[in-house]
Each structure stands twice: as C-alpha cells, then as structure tokens.
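Sequence lines set the chain letters: A, B, ... in the order given, protein chains first and strands last, and positions in each chain run from 1.
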Amino acid sequence: MLKYIVKRLISMVPVIIGVTFVVFAIMHFTPGDPATLLLGEEAPPAEVERMRERMGLNDPFLVQYGNFLFGLFRLDLGFSLTTGRPVFNEIANRLPATIQLAAAAILVAIFIGVIMGIIASTRQYTVFDGGAMFVALLGVSMPNFWLGLMMILVFSVFWNNTFGYVLFPSSGFGTLRHLVMPAIVLGTAHAAFITRITRSSMLEVLRQDYIRTARSKGLNERVVVYLHALRNALMPVVTMAGLRFGVLLGGSVVTEQIFAIPGMGRLLVESVRSQNYTLVQGIILTYAIIFSLVNLAVDLLYAAIDPRIQVQYK
Amino acid sequence: MSEKLLEIKDLHVHYETDEGTARAVNGINLELKPGECLGLVGETGAGKTTTALGILRLVPDPPGRITGGEILFRGENLLNKKEREMRRIRGNKISMIFQDPMTSLNPVFSVGRQIAENVSLHQNVSIKKGMSRAREMLELVEIPGSRVHDYPHEFSGGMRQRVLIAMALACNPALLIADEPTTALDVTIQAQVMEIIKGLMKQINTSLIMITHDLGVVAEVSERVAVMYAGQLVEIGPLRDIFTDHKHPYTIGLFGSIPDIDDRESTRLTPTKGLMPDAMELPEGCPFHPRCPEAMEKCSRETPQSVEIKPGHFVSCFLFS
Amino acid sequence: MATEATTVKKAAVARKQRTRFQETWRRLRKNRWALAGLTMIVLLGLVAIFADFIAPYGYNEQNYFRILEGPSRDNFLGTDNLGRDVFSRIVHGSRLSLSIGFITTSIGLTVGGFLGAVAAFYGGRVDNLIMRFMDIILAIPGFIFAIALVSALGPSLTNLMIAVGINTIPYFARIIRSSVMSTKENEFIEAARVIGSSDLWIIFKHLIPNSLAPILVQATLRIGDTIIIASGLSFLGLGAQPPLPEWGALLSAGRGYLRVAWWMATFPGVAIMVTVLAFNLLGDGLRDALDPRLKN
Amino acid sequence: MADKLLEIKDLKKYFPTKQGMLHAVDGVNFHINRGETLGLVGESGCGKSTTGRLLLRLLEATGGEIIYNGENIQKFNRKKMKEFCTQAQMVFQDPFSSLDPRMSVGEIISEPLRVNRTHSNGKARKKKILEMMEFAGIASRLINAYPHELDGGRRQRVGIARALVLNPDFLVLDEPVSALDVSIQAQILNLFDDLQEEFDLTYLFIAHDLSVVKHVSDRIAVMYMGQIVEYAGFDQVIYEPQHPYTQALVSAIPRINLDEKRERIILEGDVPSPVNPEPYCRFYGRCRERQNFCKEQEVFLEEVEPGRFVSCLLRQ
C-alpha cells in the first residue's frame with residue numbers, strides 16, 4: 001500500500017509542475033505592470049524601472065519561470081503586491097477557513113447524497129424515487145450563490161423580522177452556528193450530484209449477476225442491498241465525487257464571498273480585483289494542490305474498497 | 001410421503017414490458033424424483049432460464065410475473081410461500097448456479113466469505129465456522145482449501161464456476177439447478193467442470209436440473225431430457241429415447257442441427273428452417289406450426305396436449321394423438 | 001406484380017421499421033420530464049428572440065420615481081435600485097445567458113472535440129501529449145481556472161465567454177476521446193477496413209456518426225453547467241459588467257438590497273435555475289432515450 | 001496438384017503489455033489451397049483470431065511472410081492493398097458489433113461497392129445488392145431495415161453478403177457461428193457450404209469448436225498459445241489425433257452419440273498466459289505425457305507422416 005501511495009504521489013509531480021507553468025504563463029501575459037502596481041501610479045519611471053529590474057521582470061519568460069519554480073521548492077511564492085507580505089503567509093492565514101468549510105460541506109453532501117441515492121434506487125419508480133430524483137435535479141440546477149442569498153433572506157432577514165433573533169448568522173466565521181448555512185449552501189449541489197450517481201450506480205450494480213447469486217442464496221433484501229450491492233456501488237461514487245470536488249472548491253469561492261468567510265476564495269477575488277498577480281498565482285496553485293491531494297485520497301479509498309486494486313500493490 | 005421431489009404444474013410466466021407482454025413460459029408440466037438428473041434443453045429464448053428462476057421465485061418483478069400454475073416442492077406449493085419462507089429454501093434446499101462465472105461472484109468479497117455466508121445463513125453458525133465449511137467445499141471441487149481468502153479476480157473462469165458449484169452445494173440442497181454452467185467456458189475447461197459435476201452427483205444425493213442448449217452436455221449427466229420450445233415442453237423422456245428415437249418435429253430439427261463429431265460421413269446438417277417466434281408474438285395453436293414440415297391445418301388452431309407414446313416418453317404433437 | 005409490390009411494402013411497414021433517430025425520438029416523447037425540459041428550452045428561446053416584444057420596458061430604462069418597489073401590477077417582479085423593471089431585465093438577460101451557454105459550449109465542443117478525436121484516433125504519443133495537457137488544466141478546479149483567465153483577460157462579457165469556453169475544452173476532449181475509443185472497438189470499424197475504406201471514410205462514415213450520441217447528451221448537460229459558472233463569475237463582478245442584465249450580475253446587484261428588496265435577488269436566481277433545470281431534464285432524457293440499456 | 005492460394009511463413013505478432021511481451025502469434029506456418037477450407041481451431045486467447053486479422057493486414061505482423069497468389073501482401077502499397085481487399089474478405093464473430101447500427105441493410109451491403117467505386121450506377125448497385133441478399137438468404141423487403149431490428153442469424157447473413165459483394169476469392173471466417181443458436185448455426189453452416197460451391201471460394205474457418213470445423217473443413221490446424229500444435233486433414237486430426245493437446249481437445253467435446261464412448265482426457269489447470277513464454281513446448285505444463293527432455297529444447301512443427309504435421313518431441 002505504501003508503495004502505491006508513493007507511486008501516486010510521484011505521479012502528481014509532473015501535473016503540479018504543469019499547473020505551475022500554465023498558471024505562471026497566464027499571469028505573465030496579463031496586462032498591467034506589477035512594479036507600477038507595487039509602487040503606485042505616481043511613482044517616477046526610473047523608480048519603476050529599478051523595481052522591475054529587482055523583481056526580475058526584465059528577464060526572459062523562461063528565466064522568470066525558472067526562478068518562480070525554484071522559489072516554489074523553498075515555499076517562496078513571492079510577495080503580495082498590495083501588502084508586501086509573503087504570499088505563503090497570506091495563504092496560510094486563509095487556508096483553515098476554506099478547508100473547514102469544504103470539509104463540512106463534503107460531509108453533509110456525502111451523508112445526504114448516499115442515503116438519498118440508496119433510497120431512490122431501492123424504491124425505484126415509487127414516490128420516494130421520483131421525489132429524491134427531482135430534489136436532486138433541482139440541487140444540481142441551482143446556483144449556490146442564489147441558494148446562499150435565499151438562505152440569508154429566510155434564516156437571517158425574515159427570521160429576525162418575525163422572531164426577533166438571528167437563527168444563523170449571515171456572515172462571519174468561527175462557531176459551528178456560523179458554519180451551518182455555508183456548509184449547506186456549498187454542499188447542496190454536491191449532495192444532489194452524489195444522490196444521482198449513487199442511484200444510477202446502485203441500479204447498475206443491482207442488475208449484476210452476483211446480486212442474483214446473492215438472492216439465490218436466500219439472503220434477505222437488506223443484506224443484498226447494504227452488504228453486497230453498496231460496496232460495489234460506492235466505487236464509482238467515490239471516484240466521481242472526487243473528480244467533482246473541484247466544482248465544490250470553485251463553489252467555495254462564491255460561498256465565502258456571500259457569507260464573508262475569511263478564506264482563500266475571498267482573498268482570491270480581492271486579489272483579482274486589485275490585480276495582485278503574485279497572490280492570485282499562489283492561491284490558484286494552492287487550490288490545485290488541494291484538489292490533487294483529495295484525488296489522491298480518493299484513489300486510496302478506492303483501493304481500500306476494491307480488492308482488485310489492493311492485489312496490484314501488495 | 002411423496003415420491004416426487006419437484007412437480008411443476010401448468011406454470012406460466014409473463015414479462016410485461018411497454019412493448020407488450022412476452023409469454024416466456026406457457027404451461028409447463030414437469031416432475032423430478034429425488035436424486036434424479038434432468039436435462040432441460042432448448043435454444044435462446046425458449047424459456048429455460050425463466051423456468052429455473054420461477055422455481056426459486058427469482059423472476060425479476062417487474063417486469064416478470066408468475067401468472068399461473070403450481071410449483072410443488074416436496075408436496076408444498078412454493079408459489080404460496082411467504083417471501084421469508086422462500087428465503088429459507090433458496091440456497092439451502094434448492095440452489096442454483098448461473099451461466100457466467102466471471103460476473104456471478106461478488107468481486108469485493110473473498111470466495112470463502114461468499115461460501116461461508118451461505119452456510120452461516122442457513123445453518124445458524126458464525127461466518128468463522130462457515131469458513132471451515134467453505135474450505136471443505138473448495139477441496140471438494142478440487143481447489144486448494146488454502147485459497148479461501150482469495151478474491152474472485154484471482155481465479156480463472158473454470159475455477160470460479162467451481163467456486164459457484166461449491167457455494168451452491170454447501171448446504172446440501174435437495175435440488176441443484178444449473179443454468180448453462182459450462183457455456184461460457186473453453187472446451188477443455190468445460191470438460192473439467194463437467195467431470196466435477198458428474199463426480200459430485202454420484203457422491204451426494206442431490207437432484208439436478210441441467211439447463212443447456214448443448215445436447216452433448218445433456219447426454220453426459222441426464223437420465224431424462226425435456227426439450228423446450230417457445231415456452232412449452234414439446235418432448236420429454238428418458239435420455240436414450242430422446243437421443244435415439246425423438247419424435248417431435250422440433251426435436252428432430254434440433255438434432256439435425258448439431259454437427260456430430262462421431263459421424264464420419266460429412267453429411268449436410270438438416271436444421272429446421274426459420275426462427276423461433278418472439279415471445280411477444282406467439283402464433284396461435286402449436287407454437288411450432290409455422291416452422292413445422294409436418295404442419296396440418298389443425299395445428300394452427302389448437303394446442304396439442306402431451307401424449308405418452310412410450311412409458312415415460314411424452315410428446316406434444318398432433319402427429320401422435 | 002403490383003399487388004405483390006404492395007404486399008411487400010405492407011410487410012415492410014408492419015415490421016416497425018424505424019431509424020435510430022425515430023427510435024430515439026419515440027422514446028424521448030414518452031419521457032414526460034424530458035419533454036417538459038424541451039418545451040421550457042423552446043419557450044426560453046422564444047423569450048430570448050422576442051425579448052423586445054415581451055419585456056414591457058427596456059433593460060436599462062430607469063424610472064427614479066419607482067426605486068426599489070416591490071412586485072406590483074406595473075412591475076410585477078418589482079424594480080431595482082435605479083427604478084428599472086426587474087422582469088424586463090430578466091427577459092432581456094435571457095439572451096445573454098442562453099448565448100453564453102451555447103457559445104461557451106460550442107467553443108468547448110469544437111476545440112475539445114477536435115483534440116479528443118485526434119487523441120483517440122491517433123493514439124500513442126499524440127494521445128499522451130494532448131491528454132496530459134488536459135489533465136493539467138483539469139487539475140485546477142474549473143471555476144478557479146476561469147477566474148484566473150478572466151483576471152488575465154479583464155472582466156467583460158466576451159472574455160467571460162472565452163474563459164468559460166476554454167474551461168470546457170478538457171471536459172469535452174475527455175468525453176469525445178472515450179466515446180471515439182469505444183466506437184473504435186466495434187467490429188464494424190474493422191469490417192470497414194477490410195473492404196478497403198480510407199481513414200477519412202471511416203472517420204466520417206462510421207466513427208463520428210456513432211460517437212455523436214453521448215456527445216450530444218453531454219453537451220446538453222454542459223450548457224446548464226456553463227450558465228451556472230458564467231453567472232457565478234458575473235456574480236463576483238468578473239463577468240458581464242453593468243448595466244448589462246446578465247442574470248448573475250442582477251443577482252449580485254440584488255445582494256446589496258437583500259434586506260430591503262428581496263425580489264431583486266430572488267427572481268434572477270429563479271430564472272437561472274429554471275433554465276439550467278430545463279437543460280438537465282432534456283440531457284437526462286436524451287441519455288435515457290439514446291441508450292435504453294442505461295435507463296433503469 | 002492443388003495450387004496454394006495463401007501461404008504464411010513463420011508469422012509472428014507480439015503485443016507489448018505491462019507484464020511483458022505477449023506472444024499472440026508465435027511462428028505460425030500453414031497454407032491454404034485454392035477452393036479448400038482450412039479450419040483453424042483453438043481455445044480463447046490462443047491467437048487464432050489474431051492470425052485471421054494478420055492475413056488481411058488488419059494488424060501488422062511482427063515478423064514472417066504472408067504470400068497470397070504468389071505475392072507478399074506485406075509489401076503491398078496502398079493501391080495494391082485496395083485491390084487485395086476486393087479479393088480477400090472477412091466475416092466477423094459478433095453479429096451485433098460487426099454491423100454499423102446507423103446504416104441500413106442496403107447501405108451496409110453496398111458500402112464495399114461505394115468504397116471501391118465499382119458500381120457507380122445506382123441502379124446497377126441496387127441490383128447487385130438484391131442479388132447478394134438473395135444469395136445470403138435475406139428477404140429483399142429487409143433492404144431498408146436496421147441491424148437492431150434483425151436477429152443474430154439475419155445479421156450474420158448481412159455480414160456474409162457484405163463480404164461477398166466484391167466477388168472475393170478468399171474469406172476469413174472468424175468464429176462466424178459461435179454467437180448463434182444451434183439451429184441458426186446449422187443454417188449458416190449450410191449457407192457457407194452452398195456459397196463455396198457457387199462462388200468457388202476458399203475459406204479460413206476460425207472456430208473454437210472442433211465439431212463445427214469438422215463439418216466444413218478439408219484440413220484442420222490446431223492452435224495453442226500462439227503456435228500450431230497439429231496440422232493435418234480433418235479426419236486425421238479428429239479421429240487419430242497425435243498431439244497430446246489435440247487428443248485432449250477432441251476427447252473434451254461433449255458427444256451426442258450415446259454409444260460412442262471414449263476415454264476423456266481431463267487437462268490440469270488453465271491455459272497459461274502467453275506473456276514472455278518459456279522457449280520450450282508451450283503445452284508442457286499441462287501435458288500428461290511430458291518428459292524431462294521436453295523442457296530442454298524448443299519444438300517445431302514437423303511432418304510426421306505425409307500431410308500430417310505435429311509439434312511434439314514425443315511424436316517426431
């Protein structure tokens with residue numbers, strides 16, 4: 001197993017290096033001069049030119065990229081163009097909130113999604129199935145920023161007007177109560193997605209020959225579904241949920257914005273608005289690394305569920 | 001005390017789809033004595049598998065439904081049993097093995113676990129105790145007992161089929177239904193599996209229904225043979241009668257289709273012309289009449305009854321009534 | 001002679017002869033949800049085309065006497081902070097959202113489709129090169145990649161479409177690649193080779209027609225996704241700029257007035273949801289209709 | 001003396017896999033005389049289908065020669081290859097995946113004509129299609145039907161009509177009846193028989209079922225793990241098999257003749273994987289008669305009596 005983990009980690013390296021290149025290239029060819037940005041519009045041209053020299057902005061593209069990559073190995077992502085603080089520190093400050101939010105959302109999503117998916121698949125064509133599938137369809141069709149606003153409207157604004165107190169705070173971060181609405185907002189689309197995948201995967205598995213074998217043994221339906229079918233059905237669910245985690249990360253940017261959560265996503269939007277390229281670059285890289293690590297975890301989980309993969313790496 | 005282990009009376013199974021109703025099994029009558037091996041022969045779509053699933057009440061519902069008849073197992077009608085009682089029979093008194101060994105085992109459990117599950121379920125022992133029985137059963141089908149903890153993907157097709165046989169026989173069932181157990185296997189592997197089935201049948205007192213389209217396989221294990229066509233039994237009788245003195249025009253065509261390797265004069269095959277009718281559009285009267293070289297006017301109106309032409313040899317054809 | 005010909009013809013008609021297209025259409029028609037989706041899309045399309053006739057006001061028509069008024073007979077979805085009619089803005093916005101959906105998906109489909117088909121057909125090193133590059137892009141969460149592109153290109157409607165379109169490329173490249181690969185596995189491709197067909201013949205006569213179905217399904221589903229992504233970017237102020245009535249931008253504007261004018265944020269969101277829902281319904285229905293095996 | 005239509009010499013096809021080189025076809029030699037049928041028999045994975053595909057250059061051989069009508073087809077350029085296509089055709093195993101689901105029966109059968117631009121006139125083409133359909137036993141009303149509307153037997157007939165429409169001399173039949181029910185199988189086997197007579201065809205009949213092959217073949221080659229182990233007239237192979245594998249294969253066939261009792265040879269184990277095989281008899285591990293010296297040298301197909309070739313040190 002260890003060998004497998006190491007192998008997967010190594011295979012991540014070229015992708016991440018590729019990501020650094022793509023991100024660096026996009027940022028490099030962006031209009032606007034970081035030196036001017038750092039010094040302000042009124043700075044004398046000579047000063048700006050000296051700054052450009054110091055920041056290495058006059059070097060050829062590949063040399064700049066080389067320097068960037070070299071810095072990366074020492075966890076040096078450069079300096080924020082607005083505050084002058086190291087990008088690494090800025091991100092490290094904001095990372096915990098984002099991770100907490102994403103983790104809470106995914107837990108909510110898996111819990112709700114798997115249960116709804118199982119119910120829908122085992123009661124195919126009933127009201128439960130139809131209902132669950134329609135709710136799931138609404139869930140994937142709903143923009144989460146709208147859901148966020150609606151929740152604020154209902155649970156903060158209307159609730160406050162009616163009952164005179166705030167049920168869930170609409171902004172800020174720190175307590176569990178603060179996390180409830182953002183986690184639901186971010187988790188809904190994911191839960192809906194997992195519901196759909198779980199259902200179709202369960203239906204597919206329930207059609208398999210080995211399920212018929214299990215039934216022909218005289219096992220009761222609950223054992224057939226939860227023991228024989230579910231474990232097989234979860235494999236595609238785990239993979240797809242992992243791939244889809246990227247969408248959840250993207251959604252966290254908007255969610256953080258709505259609920260004023262001091263996470264990376266808000267920092268990203270601020271940085272984009274202030275054209276703080278070094279910070280944007282660093283944040284996008286961090287997101288890509290988180291995403292890759294999650295997919296690594298998914299692969300490991302997969303290997304834990306499926307003996308066919310375990311054998312390859314014994 | 002009934003002498004019959006299994007008695008099927010006028011069984012009907014239909015599949016209701018949005019295209020129409022498929023009449024897969026149309027009034028089958030069949031008997032089986034304890035310890036007897038019956039071969040059930042027919043081509044794709046004849047209703048063999050549906051009959052087998054019907055006995056275990058495993059016809060997928062929807063769309064399938066047993067619409068009529070009785071299945072008496074030791075004198076009790078299985079169709080009247082509650083689902084809970086039925087579960088106590090499946091895998092315990094009546095077991096089944098399926099055609100495709102590659103997909104019939106659950107990939108995420110070890111083979112031992114899958115056999116043990118059966119034992120622990122019906123004999124009320126722990127899975128752990130069941131594992132030792134699993135080991136025994138594996139040895140019985142000539143797989144080293146040390147492989148109980150291996151997973152299905154570590155076995156070849158032939159070995160998986162043997163695992164399935166071991167699983168089916170783990171609780172000493174009174175009846176084993178084998179649905180094309182060797183069709184998916186290569187010839188030499190098929191021979192291995194058949195050898196094991198034959199050996200086991202001699203050792204244990206289990207009745208066998210061998211479902212297959214391969215008359216050669218039937219010849220090896222069966223004492224009696226039933227020929228199925230379009231959801232009905234057209235001919236049934238002792239092995240030798242059916243093989244050397246078949247009467248029904250369909251059976252004649254069926255034997256005419258088989259390349260007989262021992263027949264040194266390379267003659268032309270003499271199959272029945274045409275195709276088996278779709279179960280959704282069965283013809284009136286005898287279902288075989290549109291293809292029958294001997295069809296009479298009567299055949300398109302009435303369905304022939306089964307007639308005993310020799311002791312134990314029944315034919316459903318107006319030529320003999 | 002003539003009678004014989006007619007009987008043959010009758011027999012042919014009696015056998016339910018349908019092309020795959022008719023077969024699909026027949027199954028689709030039986031699916032009420034898919035039909036509902038299709039109807040909604042057609043309606044939305046009509047609204048977008050005839051927006052000028054349907055909307056009672058222009059999208060930027062301001063009325064300072066009616067600022068932040070709730071739903072009424074004159075403005076039945078209320079007015080915004082500049083006195084503009086919310087309903088009219090949503091109606092006009094349908095043009096933007098639908099074109100964003102179609103244009104971005106078309107960008108992804110053509111570029112991604114080309115890359116995916118090339119990768120699948122030639123395989124080997126070409127395949128490896130293309131797909132590894134796609135992996136790199138896919139390693140960056142899509143929405144965040146789109147933010148990066150927009151921040152480089154500058155916020156505007158056109159750049160928004162380019163960014164979301166590029167974002168969609170790897171997605172289609174993967175789908176089309178796997179679709180072509182599985183079509184290639186069929187023996188009829190070999191059969192075409194045996195009769196001496198050229199590569200081009202095989203690609204155009206066999207591979208493309210047979211790979212189209214899953215692509216069509218994915219494209220339909222993807223349109224909904226791109227509408228959400230694009231409106232999300234506009235919501236963050238990185239897409240369509242005021243006064244354009246893009247739905248995400250409307251929502252963003254409504255956010256500031258949530259406490260005093262709930263209708264400003266509510267209805268644009270409903271519009272997005274209904275549109276995306278329609279594409280999802282149709283996509284699901286198409287999938288079931290094209291491959292009845294998958295329908296459970 | 002019969003003239004050789006096709007001859008292959010030391011044909012090899014290796015596929016690289018993660019575990020190593022897969023020797024799918026490993027030094028195969030045989031020839032087919034004009035107008036005869038050679039049965040190529042073996043169990044799944046023995047390389048028989050790969051051999052069939054190599055003959056038509058659907059796959060490029062790793063080594064060896066394929067001589068058709070005196071010419072090495074591997075040296076053919078594009079133009080010659082196209083010409084070769086009109087002479088050598090193939091019928092595939094799977095009647096479901098071998099027909100393009102988006103083409104009607106008429107389109108499928110006419111495709112070879114359109115690709116090779118032989119019948120530019122639409123009317124002539126239609127006439128040719130109907131003629132082929134009649135030969136293959138397909139009712140003319142089905143000309144506009146789509147494959148999914150047909151049963152396996154009819155689909156296979158469409159595949160046969162497609163293969164015949166260019167008037168070829170040579171057909172590779174890749175398990176053409178193994179997906180069909182017995183009575184349909186018999187109908188199709190009879191059809192092959194009739195067509196051979198009608199069009200003077202030469203067949204390479206690939207199958208896993210010896211009894212099927214016996215019915216149509218003049219000579220039979222038995223393959224095991226990418227090599228031919230025995231190669232002789234059909235009666236020699238079936239009634240007096242010499243190679244231990246052929247003997248086991250013949251004895252394993254379930255018999256319908258109740259009085260013809262034979263000793264059944266049960267082989268141990270499964271067919272081993274043909275990845276990086278050891279350089280001695282491939283059958284060694286399962287052979288009942290194996291000797292120590294079998295493991296010490298390579299074994300090649302040798303003529304042990306006139307017209308019979310066996311690849312076994314014990315018989316040579």
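If you measure heavy-atom distances from A:Val140 to chain C, the contacts under 4.5 Å come from both the backbone and the side chain. Heavy-atom distances place the side chain of A:Phe291, and not its backbone, under 4.5 Å from chain C. Both the backbone and the side chain of A:Met142 come within contact range of chain C, judged by heavy atoms closer than 4.5 Å. Heavy atoms closer than 4.5 Å to chain C are found in the side chain of A:Phe134, but not in its backbone. For A:Val19, the parts lying under 4.5 angstrom from a heavy atom of chain C are both the backbone and the side chain. Looking at C:Phe279, there are no atoms closer than 4.5 Å to chain A (heavy atoms on both sides), in backbone or side chain. Only the side chain of C:Leu238 comes within less than 4.5 Å of a heavy atom in chain A; its backbone stays farther off. Proximity to chain A (any heavy atom under 4.5 Å) is shown, for C:Val150, by neither the backbone nor the side chain.
Considering only heavy-atom pairs separated by less than 4.5 Å from chain C, the leading option among A:Leu268, A:Leu149, A:Leu147, A:Leu138 is A:Leu149. Ranked by heavy-atom pairs under 4.5 Å with chain C, the first of A:Ile283, A:Ile258, A:Ile289 is A:Ile258. When the candidates C:Ile147, C:Ile137, C:Asp135 are compared by the number of heavy-atom contacts under 4.5 Å with chain A, C:Ile147 comes out ahead. Taking A:Gln275, A:His28, A:Met12, A:Gln257 one by one and counting their heavy-atom pairs under 4.5 Å with chain C, the maximum is reached by A:Gln257. Options C:Ile140, C:Ile144, C:Ile228, C:Val276 differ in how many heavy-atom pairs under 4.5 Å they form with chain A, and the most are formed by C:Ile144.
Applying a 4.5 Å heavy-atom cutoff, none of the residues of residues 126-133 of chain A approach chain C. Chain C is approached within less than 4.5 Å, heavy atom to heavy atom, by A:Arg244, A:Gly246, A:Leu249, A:Gly250, A:Val253, A:Val254 from residues 241-254 of chain A, ordered by number.
Residues C:Thr266 and A:Trp146 come closest through the heavy atom pair O-NE1, 2.9 Å. Nearest heavy-atom pair, C:Ser151 versus A:Met27, reported as atom, atom and distance to 0.1 Å: OG-CE, 3.8 Å. Taking both residues in full, the closest heavy atoms of C:Gly237 and A:Arg273 are given as N-NH2, 4.5 Å, listed atom of the first, atom of the second, then distance.
The CZ atom of C:Arg259 sits 7.5 Å away from atom CD1 of A:Ile152, with the distance rounded to the nearest 0.5 Å. Note that CG of C:Leu258 and CE of A:Met150 are 6.5 Å apart. Values are rounded to the nearest 0.5 Å.
Residue A:Met240 qualifies as open at atom CE: its count of foreign heavy atoms under 6.0 Å is 12 or below.
Between C:Ser231 and A:Phe145, some side-chain heavy-atom pair lies under the 4.5 Å cut-off. A:Leu137 has its side chain within reach of C:Asp284: a pair of non-hydrogen atoms, C-beta onward, lies under 4.5 Å apart.
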Go through A:Val22 and C:Phe145 one step at a time and tell me if the side chain to side chain contact (heavy atoms under 4.5 Å, CB included) criterion holds. CA-CA 10 Å; A:Val22 169; C:Phe145 185 64; 3.9 Å; yes
